[in-house]
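Working notes for the structure below.
Here the structure is a predicted model, which is why all the values come from computation and not from measurement.
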Amino acid sequence: MKISVSYLTSKDLENDLRKLNVTNADYIHVDVMDGKFVKNKSLPFKVIRNIHKYTNKRLDVHLMVKKPLKFISDYATLNTEFITVHVENKYVDKSLDLIEAYGIKTGISLKPNTPLDVLDSYLDRVDLILIMSVEPGRGGQEFIEDTIDRVKEVRKKLNEAKSKALISVDGGINEEVAEKLKDADILVSGNYILSSDDFQYQIYKLRK
Ligand code: DX5
Ligand code: ZN
């Protein structure tokens with residue numbers, strides 16, 4: 001199980017990133033929010049582009065924005081492994097084309113109430129499916145229980161389509177939830193890790 005750590009609830013970003021950099025977290029999950037697709041706004045790119053000063057971890061970028069095409073080229077210039085756009089957006093295919101053009105792995109994300117069959121036309125092209133287990137827009141929320149069945153459904157779809165896409169689950173992840181998400185490849189966790197005083201131990205518990 002790979003772990004991608006979200007710093008959305010961090011009260012001391014530089015210090016938290018430095019501390020995360022010495023853990024075995026696989027990715028730093030960068031939540032980008034424009035105040036339109038979701039009501040909150042995240043730190044601007046001109047701040048995030050300095051993230052390399054505090055971590056050399058690969059970035060797992062999650063665009064929660066109305067117009068992803070305006071954000072992709074900026075985030076493609078960082079140490080970026082994935083750029084994920086929401087399937088509820090317009091121009092999803094053009095966004096995925098642009099991410100691919102930069103040689104970066106593509107992801108699509110679904111909000112908790114979005115029917116899973118919207119995935120069908122993307123299964124043969126994306127590298128990552130980010131299943132939201134909270135309403136996007138805020139860290140520190142409660143895990144939505146029926147995500148467990150959704151993950152099992154998506155795993156079945158991927159097997160049937162012989163898709164290479166990874167399954168990532170994002171929001172409200174903690175130790176007991178992680179136990180029920182063995183079908184996932186990546187778990188995104190923020191508050192459960194950052195609210196503790198031993199980031200590595202929390203990550204260890206999620207991986208068990
Ligand atoms: C929510 C974000 C998630 C969130 C995860 O909109 O996309 O990545 O920050 O953090 P926790 O684990 O605190 O829910
Ligand atoms: Zn996220």
Ignoring hydrogens and angles, state whether a donor on the side chain of Asp170 or His29 is under 3.5 Å from an acceptor on the partner side chain. yes
May I ask you to say whether Asp93 pairs ionically with Arg125, meaning some side-chain N is under 4.0 Å from a carboxylate O? yes
Is any side-chain N of the basic residue among Glu179 and Lys208 closer than 4.0 Å to the acidic one's carboxylate O? no
Please confirm whether the backbone N or O of Val92 pairs with a side-chain atom of Asn89, one donor and one acceptor, at under 3.5 Å? no
Decide if atom CZ of Phe45 counts as having more than 12 heavy atoms of other residues, nucleotides or ligands within a radius under 6.0 Å. yes
More than 12 heavy atoms of other groups within 6.0 Å of Lys46 NZ: no
Counting distance only, does the side-chain N/O of Glu175 pair as donor-acceptor with the main-chain N or O of Lys205 below 3.5 Å? no
Check whether any side-chain N or O of Ser133 sits under 3.5 Å from a backbone N or O of Gly171 as a donor-acceptor pair, and report yes or no. yes
Is it true that, when you exclude Lys90 itself, more than 12 heavy atoms of the residues, nucleotides or ligands shown sit nearer than 6.0 Å to its NZ? no
Lys67 NZ: over 12 foreign heavy atoms closer than 6.0 Å: no
Donor-acceptor check, side chain of Ser195 to backbone of Asn191, threshold 3.5 angstrom: yes or no? yes
Using a strict 4.0 Å threshold on nitrogen-to-oxygen distance, state whether Asp183 and Arg150 make a salt bridge. no
Lys157 and Asp120 ion-paired at < 4.0 Å: yes
Whether Thr55 side chain and His52 backbone form a donor-acceptor pair below 3.5 Å: no
Can you measure from CG (Leu8) to CG (Asn40) and round to the nearest 0.5 angstrom? 8.0 Å
Is Ile193 linked to Leu59 within one hydrophobic cluster, defined over Ile, Leu, Val, Met, Phe, Trp and Tyr using a side-chain heavy-atom separation of less than 4.5 Å? yes
Gap between atom CD of Gln200 and atom CG of Asp198 - 0.5 Å precision: 7.5 Å
Asp197 CG: over 12 foreign heavy atoms closer than 6.0 Å: no
Let me check something: do Ile203 and Tyr201 share a hydrophobic cluster, defined by ILVMFWY side-chain heavy atoms less than 4.5 Å apart, either directly or through other members? no
With a 4.5 Å cut-off on side-chain heavy-atom distances among I, L, V, M, F, W and Y, is there a chain of contacts connecting Val22 to Ile3? no
Decide if atom NZ of Lys19 counts as having more than 12 heavy atoms of other residues, nucleotides or ligands within a radius under 6.0 Å. yes
Working for side-chain contact (heavy atoms from CB on, under 4.5 Å), residues Ile167 and Lys152: CA-CA 10 Å; Ile167 297 178; Lys152 289 193 175 81; over 6 Å; no
For a side chain to side chain contact (heavy atoms under 4.5 Å, CB included) with Ile131, tell me which candidate from Leu181, Thr147, Thr114 qualifies. Thr147
Please determine whether side-chain contact (heavy atoms from CB on, under 4.5 Å) holds for the pair Asn21 and Ile28, giving the CA-CA distance in whole Å, both sets of side-chain angles, and the decisive distance to 0.1 Å. CA-CA 9 Å; Asn21 201 43; Ile28 297 296; over 6 Å; no
Backbone N or O of Leu158 within a donor-acceptor pair of the Ser163 side chain at under 3.5 Å? no
Checking His62 against Leu130 for the side-chain contact (heavy atoms from CB on, under 4.5 Å) test, could you report, in this order, the C-alpha distance in whole Å, the side-chain angles of both residues, the deciding distance, and whether it holds? CA-CA 9 Å; His62 176 196; Leu130 184 68; 3.6 Å; yes
Is any NZ, NE, NH1 or NH2 atom of the basic residue among Arg58 and Asp26 found under 4.0 Å from an Asp or Glu carboxylate oxygen of the other? no
Side-chain donor or acceptor of Thr80 paired with backbone N/O of Tyr75 under 3.5 Å: yes
Can you tell me if Glu142 has over 12 outside heavy atoms packed within less than 6.0 Å of its CD? no
Relative to each other, are the rings of His86 and Phe37 parallel, tilted or perpendicular (30° and 60° limits)? tilted
Can you see which heavy atom on Ile72 is nearest to which on Ser95, and at what distance? CD1-O, 3.6 Å
Indicate yes or no for a side-chain donor-acceptor contact from Lys11 to the backbone of Thr9 under 3.5 Å, with no hydrogens or angles considered. yes
Do the side chains of Lys105 and Glu100 get close enough for a salt bridge, i.e. N-O under 4.0 angstrom? no
Rounded at 0.5 Å granularity, tell me how far CG in Leu20 sits from CG in Asn15. 10.0 Å
Just by modelled atom types, is the Ile148 backbone N or O under 3.5 Å from a matching donor or acceptor in the Lys180 side chain? no
Approximate separation, where rounding is to 0.5 Å, of Lys182 NZ and Leu187 CG: 8.0 Å
Centroid-to-centroid, Tyr27 to Phe82, below 6.0 Å? yes
Would you say Ser42 and Asp31 are linked by a side-chain donor-acceptor pair, where the criterion is simply a distance under 3.5 Å? no
